[in-house]
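Each chain gets a letter, A, B and so on, in the order the sequences are listed, and its residues count up from 1.
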Amino acid sequence: MIQLVWFRMDMRVHDNPALFHACQQGQPVLAVTCLTQQQWQQHGLGQRKWQLLINSLHGLQQHLHDLNIPLLVLNSGDFHSSVDDVKALIQRLASSDMPVSDVNFNLEYEVNERKRDIELQRWCQQQNIGVNKFHDQCVIPPGEVVTRQQQPFKVYSPFKRAWWQQFDRYNQAPLAIPQPPVDAITPDLQDIVKELSAALPAAENDPLWNCHELAVHEQLEEFLQHRARYYADTRDFPASPGTSSLSYALSLGLISPRQCLYTAWQKNGCQLSGGKAGLASWINELIWREFYRHLLVAFPQLCKHHAFKPETEGVPWRTSAAAERDFQAWCEGKTGYPIVDAAQRQLLDTGWMHNRLRMISAMFLTKHLLIDWRRGEAFFNQHLVDADLASNNGGWQWSASTGADGAPYFRIFNPTTQSQRFDSAGEFIARYVAELATLPAKSRHQPNSLECQQNQYPTAIVEHKFARQRALDAFKQTMAEANNDAVQPSLIE
DNA sequence: TGCCTCTTCGG
DNA sequence: CGAAGAGGC
């Protein structure tokens with residue numbers, strides 16, 4: 001009997017619960033992964049991250065090979081055909097007298113992903129094949145952090161308090177690399193793998209994002225040793241390397257959140273808050289990540305890009321031809337607001353954007369340009385190497401004030417003030433907006449400065465004061481209408 | 001994980 | 001006339 005491990009967004013052998021469990025059963029272990037590029041495109045994910053996934057698979061395949069576990073690669077198209085392909089694999093193994101005892105995998109929480117897993121599980125039950133599912137994307141599984149009324153939290157700080165209280169029950173050292181039984185892989189099984197496995201597309205090294213899981217461990221170690229202590233003070237300044245930059249690795253599952261949290265918790269004297277301010281602050285960001293994942297599971301409409309606050313669906317997002325030109329300018333980093341353009345160009349150049357800039361840029365699109373947050377969400381999703389539905393949606397709905405615990409609609413960032421505050425030396429702007437690099441630092445923040453225009457930098461596509469008022473009016477009116485609708489019944493009485 | 005405007009007060 | 005605080009959005 002064979003233990004099958006289906007790899008998805010868990011591109012690692014360390015602290016991998018599904019793999020670990022499979023290896024403990026004293027049976028041969030076979031790994032399989034499905035390349036679902038068509039599904040990937042339907043989900044609006046981009047090429048750069050796709051290549052990182054391929055790169056990760058090369059490392060994973062090598063690691064698994066060292067453990068005497070073959071990794072079978074299937075070319076599947078979409079999720080539905082991936083289920084068919086895994087079924088076919090199981091049948092092929094059975095017909096060669098190598099029946100699968102259990103299918104093991106780590107859960108993904110998005111709607112299509114869960115449908116896929118349910119489809120497979122139904123079939124496995126009919127065939128008397130075990131299905132072992134594991135939680136590895138959150139330290140505390142979604143659904144386990146609830147209010148006294150057993151309801152999901154909609155606000156971050158009470159969620160965090162409840163999460164803290166549960167942490168002890170789930171906190172544990174990362175699982176070691178498993179040890180599969182020796183000589184478990186028969187020549188017959190090797191033959192089937194050779195016969196069925198598609199060629200893995202070539203790895204193309206991305207100099208910015210290392211997809212080898214041991215390199216990611218080193219990155220975590222380096223961050224915690226040398227930079228985490230300054231995190232609270234540097235994390236908001238995009239010009240300095242204050243953040244861990246591990247988001248891409250978490251999104252691909254090159255490292256587990258449990259390993260990140262356990263290690264940080266340990267380095268912080270075994271506490272989540274208090275201790276060293278930098279570590280506590282980083283831990284807090286990891287809990288935000290948990291919060292957004294828990295929300296996505298508790299409110300599956302989020303997967304379909306519905307606003308968390310239904311009344312905000314009435315905001316009159318601009319759709320004119322002018323708005324279209326504005327959107328294009330935003331995408332290309334040509335809005336005439338230096339900090340916004342620097343942010344967008346960082347995304348296009350590197351596949352990543354600093355978190356402070358994500359807030360500034362998202363707020364500029366949704367408030368100053370009054371363009372639907374879903375368009376920005378889709379653009380980020382297309383270009384971010386750390387693209388992740390829960391975190392990206394959570395961040396966008398926060399900025400757009402449509403979210404569970406979003407910024408109040410009237411808290412509109414002033415891009416110039418933010419720029420002066422968080423890039424005071426104009427260092428980050430200079431790095432990504434070449435037109436402004438030669439200006440004195442203090443002249444790099446303001447849109448429409450004379451020097452800007454001499455350097456062929458775009459004039460601002462919208463004026464701040466006007467745009468701010470337009471957004472305030474639009475939201476105020478939408479909220480008032482929603483309120484009226486709500487009190488209508490009592491008026492009729 | 002604001003920003004703006006208005007007001008007051010000391011220089 | 002700049003700083004600092006209050007209150008509204």
Centroid-centroid under 6.0 Å between A:F364 and A:W330 rings: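 No, the ring centres sit 6.0 Å or more apart.
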In whole Å, what is the span from the [atom1] atom of [X] to the [atom2] atom of [N]?
X: A:I412; N: C:dG8; atom1: CD1; atom2: C1'; result: 13 Å
X: A:Q418; N: B:dG2; atom1: CD; atom2: P; result: 8 Å
X: A:Y292; N: B:dT1; atom1: OH; atom2: P; result: 13 Å
X: A:F466; N: B:dC3; atom1: CZ; atom2: P; result: 20 Å
X: A:I360; N: B:dG2; atom1: CD1; atom2: P; result: 12 Å
X: A:F410; N: B:dC3; atom1: CZ; atom2: C1'; result: 11 Å
X: A:Q469; N: B:dC3; atom1: CD; atom2: P; result: 16 Å
X: A:Y409; N: B:dC3; atom1: OH; atom2: C1'; result: 14 Å

A:R356, A:H354, A:Q418 screened by side chain to side chain donor-acceptor pair (under 3.5 Å) with A:D236, the one that passes: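 That would be A:R356; it is the only one of A:R356, A:H354, A:Q418 passing the side chain to side chain donor-acceptor pair (under 3.5 Å) with A:D236.
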Partner of A:Y109 by side chain to side chain donor-acceptor pair (under 3.5 Å), out of A:R114, A:H135, A:H294: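 The residue from A:R114, A:H135, A:H294 that satisfies side chain to side chain donor-acceptor pair (under 3.5 Å) with A:Y109 turns out to be A:H135.
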N or O in side chain of A:H464 less than 4.0 angstrom from B:dC4 OP1/OP2: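 So the side chain of A:H464 is within the cut-off, an N or O lying under 4.0 Å from OP1 or OP2 of B:dC4.
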Short side-chain N/O contact from A:N414 to OP1 or OP2 of B:dC4, under 4.0 Å: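 The answer is yes; a side-chain N or O of A:N414 sits under 4.0 Å from OP1 or OP2.
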Sugar-phosphate only, base, or nothing, as touched by A:R421 at under 4.0 Å among non-hydrogen atoms: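 Sugar-phosphate contact only - A:R421 comes under 4.0 Å of backbone atoms but never of a base.
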Salt bridge A:D117-A:R8, side-chain N to carboxylate O under 4.0 Å: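 Between A:R8 and A:D117 there is a salt bridge, with a charged N closer than 4.0 Å to a carboxylate O.
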Aromatic ring pairing A:F291/A:F159, orientation class (parallel under 30°, perpendicular over 60°, tilted between):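 Ring orientation of A:F291 relative to A:F159: tilted.
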Nearest-nucleotide pick for A:T417, side chain only, options being B:dC3, B:dT1, C:dC9: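 Output: B:dC3.
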Listed nucleotide nearest any side-chain atom of A:K465, set B:dT5, C:dC9, B:dT1: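 Closest nucleotide to the A:K465 side chain: B:dT5.
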Presence of donor-acceptor pair under 3.5 Å, side chain of A:R411 and base of B:dT1: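 Side chain to base: no pair below 3.5 Å.
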